Structure formats: structure tokens, C-alpha cells
Protein chains: 2
Amino acid sequence: MSVTIKDIAKLANVSHTTVSRALNDSPLINQETKERIQQLAASLHYTPNYSAKSLVLDRSYNLGLFFSTLHTGTSAGFLYEAVKGVNEVIEDRYNLIVRGIDDYKSFHKINRKSYDGIIVMSQSATDQPFIDYVTEREIPLVVLNRQIEHGQVMNLIPDDQRGAYRVVEYLISQGHTNIAIIEGKENFKSTQARREGYRQAMEKHQVIVRDEYRERGNYDVESGYAAMSRLLTLKQRPTAVFCCNDEMALGAIKAINEKQLAVPGDISVVGFDDQLFSAFVTPALTTVRRPIEEISREGAAKLLTFIENKHIEKETIFIHTELVIRDSVKTIAGGV
Amino acid sequence: MSVTIKDIAKLANVSHTTVSRALNDSPLINQETKERIQQLAASLHYTPNYSAKSLVLDRSYNLGLFFSTLHTGTSAGFLYEAVKGVNEVIEDRYNLIVRGIDDYKSFHKINRKSYDGIIVMSQSATDQPFIDYVTEREIPLVVLNRQIEHGQVMNLIPDDQRGAYRVVEYLISQGHTNIAIIEGKENFKSTQARREGYRQAMEKHQVIVRDEYRERGNYDVESGYAAMSRLLTLKQRPTAVFCCNDEMALGAIKAINEKQLAVPGDISVVGFDDQLFSAFVTPALTTVRRPIEEISREGAAKLLTFIENKHIEKETIFIHTELVIRDSVKTIAGGV
DNA sequence: ATGTTCGTTGTTAACGTGTGCAGCTGTATG
DNA sequence: CATACAGCTGCACACGTTAACAACGAACAT
């Protein structure tokens with residue numbers, strides 16, 4: 001069958017202990033024998049039996065990458081960037097196991113023996129029980145993308161506020177002053193952050209925030225459509241609208257088009273998230289990219305040092321977002 | 001630390017062997033003791049140490065899902081559907097490990113000890129060396145999505161020919177008779193299959209295949225643009241174009257628009273693959289969906305029976321494709 | 001009464017690896 | 001010259017699980 005350290009030991013006329021040490025580059029072993037054994041092992045195409053290693057070292061070499069769900073369609077880009085980002089970091093030191101949290105009826109197969117660490121790519125508060133479970137079991141954990149309130153967990157999230165600030169500042173730089181906002185679900189942290197970024201940009205550049213330019217949405221296409229429809233009834237319509245995500249921007253564009261108005265000719269629209277479709281809609285949407293891949297990379301790196309050092313500061317880290325300029329904003333008089 | 005079968009054995013006043021057998025529902029054990037032990041184990045929240053199980057049973061409980069690459073952007077939907085499809089089948093009996101083949105400089109960590117089975121979601125002939133490597137090592141294997149020539153491997157692929165047949169038949173049903181085709185890369189199996197589907201549909205409905213209506217492309221946007229541009233120079237322009245994938249359809253639409261012509265007003269365009277962007281372009285693209293999730297599900301199921309039964313017929317299975325009707329085809333005189 | 005078989009349980013070894021401890025050799029130190 | 005010590009190697013056990021085999025009592029057949 002496959003070659004073991006005992007086979008190598010026999011061929012090298014040493015004990016399997018020596019082989020084990022040599023292959024692990026132990027300082028106890030004489031340099032010459034070490035190299036001799038390493039070469040022998042290489043020539044035999046030896047690969048360690050990871051089950052055996054796992055058993056004695058009490059490490060599974062498994063990392064879990066858990067998504068809120070794999071059943072609703074919105075997360076293909078998410079999944080892709082996350083898997084990619086994490087894989088870049090762990091190379092072949094770990095196995096990356098990808099699952100949806102909602103696949104589990106019971107979590108009891110999730111334990112420290114089976115996972116050296118866990119990454120939760122959280123898209124919803126519904127995975128809080130899972131996060132709590134993992135925390136209880138003291139499995140090294142990072143939570144990505146969604147901000148966790150009670151900060152007893154390593155948390156990496158996009159800097160929504162700064163992203164919102166930038167895109168609104170961009171609108172202002174293009175000469176807009178009548179800038180409306182369509183907000184997301186009220187109880188979401190992201191909604192607050194994005195609204196705050198909008199507010200700060202407006203204030204910084206001394207642009208007035210009109211009360212009738214603030215509309216509430218709930219992050220879906222329909223709510224964007226409805227909110228925009230309301231904005232279009234105003235005597236003085238806004239010349240630009242900051243939608244707190246791309247889906248609402250889609251709805252807003254639809255509402256505008258139905259009034260025989262053009263984007264960006266009559267009204268400029270920007271979104272947030274840079275969803276996969278955003279580059280392909282007409283007009284291509286100017287938006288803010290959430291750096292999922294970078295968050296995943298950083299998160300995985302943090303997790304690895306956590307696993308090795310057994311302890312690390314549990315902090316909330318904001319990863320910079322990126323303004324993506326496409327075709328949905330018009331430069332008007334006064335802009336650069 | 002965590003509870004083992006020996007702990008349970010002590011509490012139950014039996015040997016650890018008995019516990020092992022009881023938990024594995026062995027017929028050797030008396031029904032009463034079996035239940036007693038199972039209840040005890042449950043109340044202690046016992047979970048087996050999979051490393052130990054793996055070592056003695058020579059099974060890793062790992063399944064590998066390998067993609068040609070995770071670095072080029074085209075496969076987000078692929079990744080998503082594949083991960084989802086496979087996870088649906090394996091439940092929590094296996095760990096699904098997701099990787100890009102091109103992440104590996106050397107395959108030597110891939111072996112039968114580390115993987116009970118491997119699924120290759122192949123998007124390119126470049127992963128043939130990997131497939132050969134896995135086959136050599138006699139690791140249970142299925143290859144999905146791309147047809148393998150020398151059939152010594154379990155192979156599940158979309159029925160491209162039938163899909164092409166259907167979409168072309170649809171064009172004919174909408175009254176089109178001047179139907180052009182923009183083909184893909186010549187050496188690809190998929191190109192041949194799609195062209196053949198086109199040919200069959202035309203023949204079946206006695207529509208003439210004109211020689212000047214056959215253009216060659218290579219599956220990218222530019223080639224679609226170039227091919228369409230050539231078609232537009234013809235005295236008698238086609239009224240519909242079957243592009244062998246969605247990207248070329250995108251290029252074709254661009255070429256048409258630049259001539260001040262409209263899709264589908266002046267020329268109808270259909271694609272193939274149902275890429276993620278296809279629903280969002282203007283006009284939304286009528287195309288053929290490749291059932292990646294279903295292929296993954298079926299493939300995973302085949303793999304599992306392969307792993308269990310140690311042998312299975314190595315066959316090539318075609319999975320049905322699906323016509324997705326959107327807005328890029330016009331019904332003209334003579335159509336239904 | 002003795003042997004046979006069945007049903008149930010325990011003893012022991014095995015899977016492949018890592019590691020504490022002992023042991024060996026040679027050299028430096030007193 | 002004896003002792004200490006450093007450098008290197010091997011023995012034996014451990015990790016948690018499964019399984020071949022032995023063992024035991026009871027029931028049954030001879």
C-alpha cells in the first residue's frame with residue numbers, strides 16, 4: 001500500500017522515530033542523516049498520513065468556511081470571492097471545507113476535533129446561534145462581513161461608512177447638490193453606517209440635506225422602486241440618488257425610466273455593494289465595492305495566527321471599500 | 001477534555017469495544033445494552049473522533065471539489081451551483097473541500113488517504129494532467145461539465161447538442177428562417193455539439209443553412225463582435241443569430257447596436273450557457289441554461305455509490321439543458 | 001453427562017504518527 | 001583518569017477507534 005515512516009526507517013536502517021524527527025526537521029537529528037532520510041522520503045513519494053497526524057497532534061487540518069445559506073441565490077459572487085480569498089492564504093496547509101449553516105439541523109458534528117478553526121461569512125443575523133455555538137466550544141473563530149454587536153469575537157467588516165462617504169463625495173464633485181438617499185433596513189448596522197457616511201459627506205462639503213430627500217427602503221428592488229417613485233413626485237426633484245444597495249438602485253432606475261426620464265441624463269443613480277449584475281445593467285452602475293476577497297484573506301490570516309498563538313486580540317477591523325465609477329452619474333454644471 | 005468511548009465504557013460498566021459496537025449499531029450487541037449505551041452517549045454529547053476513525057477505517061471522510069481555476073473571474077455562478085449541488089447530496093457524511101487545481105504546484109498531497117473521492121468541475125483541457133494523476137492514484141473520481149475523450153472516467157456533461165437544437169428550434173418557431181450561427185473554439189467538443197444541434201434543428205424543419213451564415217468565433221466577446229460585424233455586411237442579413245455562448249452574444253449585440261440596429265427589433269440574438277450577466281443585459285438574453293447544480297448533484301451521487309461499491313460503470317452521462325426565454329428574440333411573420 | 005452452538009461481551013492488537021525518557025558514544029572538563 | 005555533558009538515536013507508549021479472536025454462560029442436542 002502507501003509508504004509509511006516505518007518503511008522509510010527500514011530502508012534507512014534507523015528507527016521510525018528518527019524518520020519522524022528528520023521529516024519534521026527536528027534539531028535533535030544529525031544533519032547528514034536528516035538529509036539522507038529526507039531525500040529517501042522524497043524519492044519514495046512519501047506523504048504523511050494526515051489521519052494519524054491528526055490523532056496524535058490533536059489537529060484536524062480542517063478549516064470551515066460557513067455561509068449563512070447556500071440556498072438563496074444572492075451570494076454567488078460572495079461565495080466565489082470568499083473561497084478564493086481564503087484559499088490564497090491557507091495554501092495547502094489546511095483543508096477548506098465549505099458549507100451553508102442552514103444545512104445543519106444539529107451542530108453537534110462541529111467541534112474542536114473536526115475543525116481547527118472556523119470562518120463565518122455572515123450575511124444575516126440568523127447565524128447568531130451558530131456563532132454562539134462555536135464560541136462556546138472555544139473553536140477559533142472569525143466572523144466576516146457582518147458586524148457582531150457584543151464584541152467577543154474577531155470581526156472583519158467592510159468600512160461601509162467610508163464607502164458611502166466617498167460615493168456621495170463623488171456625486172458632489174460631479175456638481176450635484178440635490179442628492180437624495182434611499183436607506184436600507186432600519187435595524188441593520190450597515191444602514192446606519194451608510195447613512196452616516198452620506199451625512200458626513202454632505203456636511204463636509206456644506207451641501208444641505210433636505211428632509212424630503214431621505215427615503216426609507218429595505219434593501220430589495222421593490223422598495224427602491226417605491227422610494228424612487230415617491231421622490232419623483234417632489235416639485236424639486238433630486239438630480240442624484242444614493243441608494244444604499246445595488247438592488248434598490250435597480251428599482252430606482254426602473255421607476256425613473258417608467259416616468260420617461262433617463263439615467264443618468266435626467267437623474268444620476270449610485271448604489272452600494274457592486275453586485276455581479278451591476279456592471280451589466282444599463283447604464284452600468286456606479287457603486288461601492290465591498291472587498292469580500294480581501295476581507296476573506298485578512299480574516300483567514302487572522303484565524304491562522306489565532307490558531308497558532310492560541311490567543312489574539314478580539315477586535316473589529318474595518319476593511320476599506322472601493323469606489324467603482326461606471327456610467328450612471330452625469331457631470332453637471334459646477335462639476336469637475 | 002472531550003468524551004471518548006472509553007469514558008462511556010467506564011460509566012456503563014462495559015468494555016470500550018461494546019460501546020463502539022453499540023454506537024455502530026452492531027447486531028452483536030444485546031438490544032437493551034445497546035440502547036442504554038446510546039442514550040448514555042447522547043446525554044454526554046459524545047461525538048466520535050474522526051481522526052481516529054479515519055486512521056483505522058482508512059477513510060478520510062473528505063471529498064474534493066476541484067475547479068480548473070479560482071483566479072479567472074468567469075466561474076462565480078459555477079462555483080456557487082456546484083458547491084450547492086454537491087453539498088445537497090453529501091449532507092454531513094462527508095467534508096467538502098473546495099480548491100482550484102491551479103493552486104497546486106505539486107499534486108503530491110492529493111492521495112487516497114486524504115480524499116475518499118474527487119469531483120473535478122472541469123472548465124478547460126488544462127486540468128487533464130490532474131485528472132490523469134487522480135486516475136493513476138485510483139482515487140474515486142467523477143469529471144463534470146467537460147467531456148473527456150478517452151472514456152476511462154465517470155463523466156457527466158450538459159447535453160449541449162440537444163440544448164442547441166431547442167434554442168434554434170425556438171427561433172424557427174418564432175418565424176425565423178435566416179438564422180446565422182457564430183461558432184466557438186474549433187477544437188472544443190462543446191463547439192461541435194452545439195453546431196450539430198443547430199444543424200439538426202435546421203434540417204428537421206427544412207430551413208436552409210446558408211454557408212455565409214456560418215461564422216467562427218472563439219467564445220469571447222471580441223470574437224462575437226467581429227463575427228457579427230461580418231454578418232452585418234451581407235446583402236441579405238440574417239434575422240436571427242445563434243451565438244454558441246453568451247459572451248459572444250454580448251459582442252454580437254454590441255456590433256448590432258453600433259450599426260444603429262436594434263435587438264431584437266431588427267435582429268434577434270440567442271446565446272448559450274445562461275451566464276450570470278445574461279439576465280441583466282439589455283435586452284435580457286434568451287439562452288440555454290447548463291444545469292450545473294443538477295450535474296453536481298448527480299455527479300456527487302454517482303461518486304458516493306462508486307466509493308461504497310468500489311466499482312461502477314465508467315460512463316458518459318448527458319444531463320438535459322434548459323431553454324431560457326427572455327427578451328432578445330422577436331416573433332416575426334410566420335411565427336406562432 | 002458431555003459436547004455443540006448461539007448470543008453476548010471482553011482481550012488484545014492494529015492503524016501511522018509524535019514524544020518522554022533512557023541509552024549510547026565521544027569529547028571536554030575537573 | 002573519572003566525571004559530566006552534549007549530541008544523537010531508539011524504546012516504548014500514547015492518541016481513539018475498529019475488529020479478529022477468545023471466552024463465557026445458557027440452551028440445546030446427543
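Chain letters run A, B, ... following the sequence lines, proteins first and then strands; every chain starts at 1. Treat the numbers as computed from the prediction; the structure is a model and nothing was measured.
- Under 4.0 angstrom from either OP1 or OP2 of C:dG10 there lies at least one side-chain N or O belonging to B:Thr18.
- Atom-to-atom, CG of A:Asp7 to C1' of C:dC15 comes out at 13 Å; the value is rounded to the nearest Å.
- The side chain of A:Lys6 has C:dT17 as its nearest neighbour among D:dT9, C:dT17, C:dT12.
- Both A:His16 and A:Pro27 sit near DNA chain D, but only A:Pro27 has its closest nucleotide nearer the 5' end.
- Remark: P of D:dG16 and OH of A:Tyr50 are 21 Å apart, rounded to the nearest angstrom.
- Distance, A:Tyr61 OH to D:dC15 C1': 13 Å, rounded to whole Å.
- Residue B:Thr17 is in base contact, counting any heavy-atom pair closer than 4.0 Å across all strands shown.
- Nucleotide C:dA14 holds its C1' atom 13 Å from the CG atom of B:Asp58, rounded to whole Å.
- Put simply, B:Ser51 has no side-chain N or O that comes within less than 4.0 Å of OP1 or OP2 on D:dG16.
- Within 4.0 Å (heavy atoms only), B:Leu55 reaches at least one base atom of the nucleic acid.
- Each of B:Asn155, B:Leu303, B:Thr135 was compared with B:Leu141 under the side chain to side chain contact (heavy atoms under 4.5 Å, CB included) criterion, and only B:Thr135 meets it.
- To the nearest 0.5 angstrom, B:Ser26 atom OG is 6.0 Å from B:Lys34 atom NZ.
- Among D:dT9, C:dG10, D:dT17, the nucleotide with an atom closest to any side-chain atom of A:Leu28 is D:dT9.
- Between the P atom of C:dT8 and the CD1 atom of B:Ile37 lies a distance of 13 Å, rounded to the nearest Å.
- In this structure, B:Asn87 CG and A:Arg99 CZ are separated by 4.0 Å, a value rounded to the nearest 0.5 Å.
- Closest approach to the A:Ile29 side chain among D:dT9, C:dT19, D:dT17 is made by D:dT9 (side chain taken as heavy atoms from C-beta onward).
- At C:dT17, none of the side-chain N or O atoms of A:Asn49 fall inside 4.0 Å of OP1 or OP2 (strictly under the cut-off).
- When heavy atoms are screened at a 4.0 angstrom cut-off, A:Ser54 is found touching no nucleic acid atom at all.
- Salt-bridge check for A:Asp273 with A:Arg289: failed, with every basic side-chain N at 4.0 Å or more from each acidic carboxylate O.
- Atoms CZ (B:Arg21) and P (D:dT17) sit 15 Å apart, rounded to a whole Å.
- At whole-Å resolution of the value, CD1 in B:Ile5 and P in D:dC15 are 13 Å apart.
- When distances are taken from the side chain of B:Thr33 to each of C:dG18, C:dC15, C:dT9, the shortest belongs to C:dT9.
- The residue A:Tyr46 sits close only to the backbone: its heavy atoms come under 4.0 Å of sugar-phosphate atoms, none of a base.
- The separation between A:Leu23 atom CG and C:dG18 atom P is 8 Å, rounded to whole Å.
- Take the nearest nucleotide of DNA chain C for B:Asn30 and for B:Ala52: the residue whose nucleotide is more 5' is B:Asn30.
- The OG1 atom of B:Thr316 sits 7.5 Å away from atom CE of B:Met154, with the distance rounded to the nearest 0.5 Å.
- Of the side-chain N and O atoms in A:Ser15, none sit less than 4.0 angstrom from OP1 or OP2 of D:dT9.
- Among the protein residues, B:Asn24 comes within range of the sugar-phosphate backbone only, with heavy atoms under 4.0 Å from sugar or phosphate atoms but none that close to a base.
- For C:dG16, the OP1/OP2 oxygens have no side-chain nitrogen or oxygen of A:Lys53 closer than 4.0 Å.
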Item to check | Test ring-ring contact (aromatic ring centres under 6.0 Å, His included) applied to A:Phe66 and A:Tyr115, step by step | outcome: CA-CA 12 Å; A:Phe66 288 85; A:Tyr115 293 94; 5.8 Å; yes
